[in-house]
Asks: 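First the structure, then my questions, so here it is.
This structure is a prediction, so every number in the text was calculated from the model and none was measured.
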Number of protein chains: 2
Amino acid sequence: MPRELVYFSPTLSPRDYRRKVSDIFSQELSRQGLRMTSQRRRILDELMNAERHLSEKEIYRSLASSGIGRTTVFRTLKVLRECRLVEQVSGTDRPRFELRWERPHHDHLVCISCGHIREVRWPKLEAIQERTCRKIGFVPKWHRHEIFGLCAACSR
Amino acid sequence: MPRELVYFSPTLSPRDYRRKVSDIFSQELSRQGLRMTSQRRRILDELMNAERHLSEKEIYRSLASSGIGRTTVFRTLKVLRECRLVEQVSGTDRPRFELRWERPHHDHLVCISCGHIREVRWPKLEAIQERTCRKIGFVPKWHRHEIFGLCAACSR
DNA sequence: ATGCCTGCAAACGTTTTGCACATAG
DNA sequence: CTATGTGCAAAACGTTTGCAGGCAT
């Protein structure tokens, strides 16, 4: 069973933040009898250094030159999802992968013109959701909330 | 450019409802210089008669016996999406297709155990979304809101 | 040393495309 | 009649799996 989702304090420095996420990955792996490898480390780094949410293809293209195979990217993303460190979200086109340990949960505004993804936090929405789910006996595990449209720049 | 999304009054009888959706499809097609065919009619019928949201595979399996090819199902679903009559949503496994003209917009509670999809209407959520989007200049076109978890039956 | 991990290639399932024929308008 | 639509087969992708060798522990 995966550990509980815990958020970092925003006071963590970028360096410490990366170290911490890396440590959690190692711990999760050994807890499951799995091993930390250079490939897994690199794929996680790639996700941590990215500005946007990456697709499998983008990760592969960045790392292929260092000899990492496509299969490994797929398999590592699967492991990261099982560790609840990464979440799969649906972009305009292909699935994309997002680190869950970065910031509190947020939803996405996806621009259908330029592809830009903006993150929004909606605590009020989350509260309403939780209440409704409780009322009808649905036990929510995670959710995906994406609004597609035109960003401010593209709508002019 | 696609027409605006309009909802039917719930007082429409099932028969009239079907006729109306069909008519809208024909109009949309001719507006774009495309043609209504028996295959397209059947695929739309299949979606209108379904209880659940169907996948491409399910539609194909139902209609293959009447000689409709897989390619045609894919192409018709694409046309239906472009006409804004059908929306593609992500099930637990494969993409599923949902008629947009059936009822007011709703969100989905997807059970990760039995796969059941329950629909919820959240006008309050929609209002909050709209307000936020307006504030930051984002023009929303459509959205996808799916909560994954355990339905009442499976959570016991 | 053992057992998990990796990369390759091959298998698989889904979606798209090229082409000749059919058909709606 | 003409341009669009259809079905087939093949191609093109995305993703998974089997296997021989590599490496973390």
Asks: To the nearest angstrom, how far is B:L63 atom CG from D:dT6 atom P?
Replies: 12 Å
Asks: If you find the nucleotide of DNA chain D closest to B:V73 and the one closest to B:R35, which residue's nucleotide is nearer the 5' end?
Replies: B:R35
Asks: Can you check the A:F97 CZ to D:dG14 P distance for me, whole Å?
Replies: 12 Å
Asks: For B:R42, is the CZ atom crowded, meaning more than 12 foreign heavy atoms sit under 6.0 Å from it?
Replies: no
Asks: Rounded to the nearest 0.5 Å, how far does CD of A:E46 lie from OG of A:S66?
Replies: 8.5 Å
Asks: Over how many whole Å does the gap from B:E58 atom CD to C:dT14 atom P extend?
Replies: 12 Å
Asks: Can you measure A:K78 atom NZ to C:dC4 atom P for me and round it to whole angstrom units?
Replies: 15 Å
Asks: Measure CD1/B:I59 against C1'/C:dT15 and give the value in whole Å, please.
Replies: 14 Å
Asks: Quick one: which of C:dC5, D:dG5, D:dT15 gets closest to the side chain of A:R70?
Replies: D:dT15
Asks: Whole angstrom is fine here: how far is it from CD in A:E56 over to P in D:dC13?
Replies: 14 Å
Asks: Which is more 5' along DNA chain D, the nucleotide nearest A:T37 or the one nearest A:F74? Just name the residue.
Replies: A:F74
Asks: Just verifying a value: how many Å separate B:E126 CD and B:D107 CG, rounded to the nearest 0.5 Å?
Replies: 6.0 Å
Asks: Does some side-chain heavy atom of A:V79 sit less than 4.5 Å from a side-chain heavy atom of A:F25?
Replies: yes
Asks: Quick one: A:I43 CD1 to C:dC5 P, roughly how many Å, whole number?
Replies: 13 Å
Asks: Nearest 0.5 Å, what's the CZ-CD distance between A:R96 and A:E87?
Replies: 15.0 Å
Asks: Give the nucleotide from the list D:dG7, D:dG5, C:dT14 with an atom nearest to the side chain of B:Q39.
Replies: D:dG7
Asks: Figure out the NZ/C1' separation between A:K57 and D:dA12, and round it to whole Å.
Replies: 11 Å
Asks: Among D:dG7, D:dT4, C:dG7, which is the nearest nucleotide to the side chain of B:T72?
Replies: D:dG7
Asks: Which residue, B:M36 or B:R75, contacts DNA chain C at a nucleotide closer to its 5' end, judged by nearest heavy atom?
Replies: B:R75
